Amino acid sequence: MDRVPSTDPSFDPIAEPARAKLNLALHVRARRPDGYHELETLFAFVDLGDIVRIRPGNGFTVTGPFAGALQGEGDNLVMRAAARFAERFGGGPWAIELEKHLPVASGIGGGSADAAATLRALARLQGVTIDALYPIADALGSDVPACLFGVTALGTGRGERLDPIEGLAGQPVLMVNPGVGVSTAEVFRRWDGVDRGPIGGGGLLDRARAGRNDLEPPARAIAPEIDAVLAALDALPGVILARMSGSGATCFALFDSIEARHGAALAVARPGWWVAETALV
């Protein structure tokens, strides 16, 4: 990993965005015999993320502000996605560059989004439909199918069964990570096992505000820094909803205006915190 790819300079790379996902609500309903958990979640995506670039050649490299977090990894979801695509559809070899802008292990689907973007880029190169990629995405991870399609949806099962719903495109969002990584497996292991009920009906915002993230309590126990982030977000003017995403530690707030979001970004900035202004897509 991290070796400079050998590429065909005459071929412009295929660039594919890997947008961050948010869990506007995340209800954990039950532990399953297969080791996964039965979930209900409201997936949404923002206009912010990593970038995957692919061209004919050899090698894999990581650039960008969070490249260091992946240094020394011998395997990752991007490489697995490319390998599974080649097994199913042929082609390659490819030179792959991952431009890493999202913090790692942060509850916003960075690795899953990168894998999904890799599959979409390869599909564009070889004329494969997005729908044909679903079995590969499903096998790579529970969030990869949602990231593959990148639309607002109710996710059930492990999160892989998707029912698209009307989104809130353009809604201002502030994302904040306190600079700590949280183990998804450990957060799920500490879930208390209590089914607190399903996600309700209605419009997306009503459903999200009436919902919850059942992984917040165990994540906050593991990383108390999340408490400070949520307290800071909850105190800001113009906040419509503030919550932790996924298994943490990234939290987000939806705002009633761009101006309120920008003022909030300035107000919550702390040394070591990652703060990003964006919007739902």
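The structure displayed is predicted, hence computed values, not measured ones.
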Starting from Leu22, walk the hydrophobic network (Ile, Leu, Val, Met, Phe, Trp, Tyr; side-chain heavy atoms closer than 4.5 Å) and list everyone else you reach, by chain and number. Leu24, Leu42, Val46, Leu48, Phe66, Leu102, Ile108, Leu154, Ile165, Leu168, Val173, Met175, Ile199, Leu204, Leu205, Ile240, Leu241, Phe252, Leu254, Trp274, Leu280
Using the salt bridge (Lys or Arg N to Asp or Glu O under 4.0 Å) criterion, which residues pair with Asp206? Sequence neighbours excluded. none
Between Thr250 and Asn177, is a side-chain hydrogen bond (donor to acceptor under 3.5 Å, both in side chains) present by the stated rule, with each step listed? CA-CA 4 Å; Thr250 302; Asn177 184 284; 2.9 Å; yes
Membership question, hydrophobic clusters at under 4.5 Å side-chain separation (ILVMFWY): are Ile14 and Leu77 in the same one? yes
Can you see whether Tyr36 has Arg158 sitting over its ring - NZ or CZ less than 6.0 Å from the centre and within 45° of the normal? yes
I'd like to know if the side chain of His27 reaches the main chain of Arg212, judged simply by a donor and an acceptor atom lying under 3.5 Å from each other, with no hydrogens or angles considered. yes
Go through the structure and list residues passing side-chain hydrogen bond (donor to acceptor under 3.5 Å, both in side chains) with Arg29, not counting sequence neighbours. Glu40, Asp195
Mind checking salt bridge (Lys or Arg N to Asp or Glu O under 4.0 Å) for Asp256 and listing every partner two or more places apart, or none if nothing turns up? none
Using a 4.5 Å cut-off between side-chain heavy atoms of Ile, Leu, Val, Met, Phe, Trp and Tyr, which other residues end up in the same hydrophobic cluster as Leu39? Leu26, Val28, Val182, Val187, Phe188, Trp191, Leu215, Ile222, Ile226, Leu230, Met244
Donor-acceptor contact present, side-chain Arg124 to main-chain Ala15, <3.5 Å: yes
Those residues that, when tested against Ala137, pass side-chain contact (heavy atoms from CB on, under 4.5 Å) (two or more places apart): Leu119, Val144, Pro145, Leu148
Within a radius of less than 6.0 Å around CD of Glu87, do more than 12 heavy atoms belonging to other residues, nucleotides or ligands occur? yes
How are the rings of Phe85 and Phe89 set to each other: parallel, tilted or perpendicular (split at 30° and 60°)? tilted
